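Everything quoted here is computed from the prediction, not taken from an experiment. Just follow the structure's listing: the first ligand is 1, and inside any ligand the first atom is 1.
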Amino acid sequence: MPFTSLGLQPALADAAAAQGYATPSAIQHAAIPAILQGGDVLATAQTGSGKTAAYCLPLLQQWLSDHTSKRRQLRGLILLPTRELAIQVGATLRELGDSLPRHPKVVVAYGGVSINPQMMALRGGADIVVATPGRLLDLLQHNALSLSAVSTLVLDEADRLLDLGFAAEIKQLLDLLPPYRQNLLFSATFPPALRTLATQLLRQPQTIDIPASAENGPAIRQRAIEVDAARRTMLLRHLLQSENPERVLVFVASRHSAERVSGKLQQAGIRAAALHGDCSQGQRGQVLADFKAARLQVLVATDVAARGIDIARLEMVVNYDLPRSPADYTHRIGRTGRAGASGVAISFVCADNAAHFRLIEKRQQIQLERERITGFEPQDAAVSTPLVDGNGGIKGKRMSKKDKLRAAQAAQS
Ligand code: AMP
C-alpha cells in the first residue's frame, strides 16, 4: 500500500520514501487520510509507531497546497512536552520538507536554553513551529510570533504534557489561538484529565486507536550509507560509537567475513562475536545467550545463522555486505524494531554493489537517500553513479536469471 493511496501528493510520498518509509505504518494508514479531510483527530499511538510522520506528512501537504500567502505565516503549531521530542519532531519535519519542491521554515523552541536564538529564528516568520508550552508563552510575551493564523494545532504525547504540569500553559495558549482550526491530539494513554481536555478541545473528532502490538509497529527506519568497501569496519566502529546502540546485528556474506569483522571489532575493545554455520550448537547457544543478555553488543552473522534469532529491542541491523536477494533484505531488516520498539536498518553501499542496492530498492519500492558520513566519504568511483537506461529509468526492472535463482534459493532455505 503506497503513501499516495492515503491521499498524499507524490511529492510527499517521495519525501516519505527518501526517509526509508517503505509502506505506511498502522497509525499513518489511519491518521493521514483523517487529517487530510480537515477535521479533528484523537489518536492513541505509541512512540515508535510512526506517529510523528503520521501528522507531519499531512501538515506539510496542507502547507504545500496553501497558496494564499507568499509571506511566511504560522499555520501549523505542534505542542509537545520535552526538548528531546521537540528536536526530534523538528528534524523529521525538516528532513521531509527538504525533499519538497518548496521548503517550509520550521522553528523549534524549548525551554532551558537562551531565548534569543529562538527569537532570531522567528524573525521573518515561520511556517511551522514545534514548541514546548512554557517557552512558547515566553516567546509570545516577547512578541516573537503571532498565533492568529494557525490553522492546525497538534498536541503530541498529550498525556506527558499533562503529567509534566503543562495544563495551565496549554489553556492559556488555546485562548490565543483562532477559534476555527483543526486540532490533532496524539497520546499513548488516555487518563481522565486528558479526556477532559480532549472533550474541551476537539470537535467531533475521528477517533483512532492503534494498540501497541507487533504488527502495528514497530517502525523500521531504513538508511543507506555510501562508503568504500575497505573502510566498512571503521565506519561500523564509528556508528557504534556515535549512535551507541545496545545491540546490533551485523550481516555479512560469508563465515570468513563474520570471523574477520568480529575479530577486528574485538581488537578495538568492542564486545562482539561471530555467528555462522561453522559454530557448534553449544557455541551458538552461548553466543545468543550473551547477546540476549547484552553481554555482547554486536553479533556479526551470516543470513543462514541469523535465521530464527528473536531478540526483543534489537535497535540496529547493519547490512555490512548487502543481502543477495530482496527477500533476504526484508528478512534482515525485520530483525530490528521488535516488540513495539523502533529500529534502524543501515545498508553500506559500496562501488561494487551500488547497482545491486538500487535493484533491492526497486523491488522494495523504496528509494533511500544516500548518506555520507564525514571522514568516510567514498573515494572509489561509481559508488553513486546512477545506472540509467535509455528511457530514463533504472535498469533491472525484470529479475535476471541470477536473481531468480537467488530468490528461489532464499525461498527454499
Ligand atoms: P515515531 O513513532 O514517530 O517516534 O517514529 C519512530 C521511527 O519510525 C522514526 O525513526 C521514523 O523515522 C520511523 N518511521 C516512521 N514512519 C515509518 C514508516 N512508514 N516506515 C518505516 N519507518 C518509519
Side-chain angles (χ1 to χ4, degrees), residues 1-8 12-33 35 41 43-61 78 80-99 108 130 154-160 184-189 208-225 239 243 245 313-317 329-330 332-347 360-361 364-369 371:
M1 155 87 55
F3 275 93
T4 43
S5 66
L6 305 179
L8 287 173
L12 272 305
D14 290 349
Q19 289 304 303
Y21 309 164
T23 48
S25 66
I27 181 70
Q28 290 161 1
H29 195 261
I32 290 174
I35 299 173
V41 170
T44 314
Q46 321 295 318
T47 296
S49 61
K51 66 176 171 61
T52 311
Y55 63 78
C56 287
L57 285 165
L59 267 187
L60 288 167
Q61 171 142 322
I78 301 164
L80 29 69
T82 62
R83 162 199 179 127
E84 291 71 33
L85 188 61
I87 292 172
Q88 214 176 302
V89 170
T92 301
L93 276 168
R94 287 190 186 123
E95 283 164 12
L96 290 169
D98 277 350
S99 307
V108 178
V130 183
V154 183
L155 295 189
D156 193 5
E157 298 202 357
D159 46 357
R160 289 180 71 205
L184 312 174
L185 197 151
F186 285 78
S187 192
T189 59
I208 295 167
D209 189 359
I210 306 291
S213 75
E215 69 270 21
N216 290 336
I220 300 165
R221 177 161 184 237
Q222 301 172 63
R223 298 170 56 186
I225 304 180
L239 290 172
E243 317 221 345
R313 288 196 301 117
L314 190 51
E315 291 167 61
M316 190 185 274
V317 163
Y329 182 82
T330 311
R332 285 184 179 187
I333 70 167
R335 306 262 155 220
T336 181
R338 302 203 149 202
S342 59
V344 58
I346 300 178
S347 297
I360 292 176
E361 284 180 296
Q364 297 280 324
Q365 298 187 324
I366 51 168
Q367 211 173 352
L368 305 185
E369 214 169 87
E371 293 173 50

Show me the pairs that pass salt bridge (charged side-chain N to carboxylate O under 4.0 Å, His left out) and involve residues 45-54, at least two apart or across chains. K51-D156, K51-E157
What about F3: any of its N or O atoms under 3.5 Å from an N or O on ligand 1? no
Closer than 4.0 Å to some heavy atom of S49 - which atoms of ligand 1 meet that? 2 (O)
Going by heavy-atom distance to atom 15 (C) of ligand 1, choose the closest among K51, Q28, Q222, R223. Q28
List for me each residue that meets salt bridge (charged side-chain N to carboxylate O under 4.0 Å, His left out) alongside E369, sequence neighbours excluded, and say none if there are none. none
Run the contact test for T23 against ligand 1 with a 4.0 Å cut-off on heavy atoms, strictly below, and give the result. yes
State the atoms of ligand 1, each with its element, that fall below the 4.0 Å cut-off from a heavy-atom position in T52. 1 (P), 3 (O), 4 (O)
If the cut-off is 4.0 Å to any non-hydrogen atom of S25, which atoms of ligand 1 fall inside it? 19 (N)
CG/L239 to CD1/I346 distance, rounded to the nearest 0.5 angstrom? 5.0 Å
Nearest 0.5 angstrom please: I208 CD1 to I35 CD1, how far? 6.5 Å
Go through the steps for S99 and D14 under the test side-chain contact (heavy atoms from CB on, under 4.5 Å), then give the verdict. CA-CA 7 Å; S99 307; D14 290 349; 5.9 Å; no
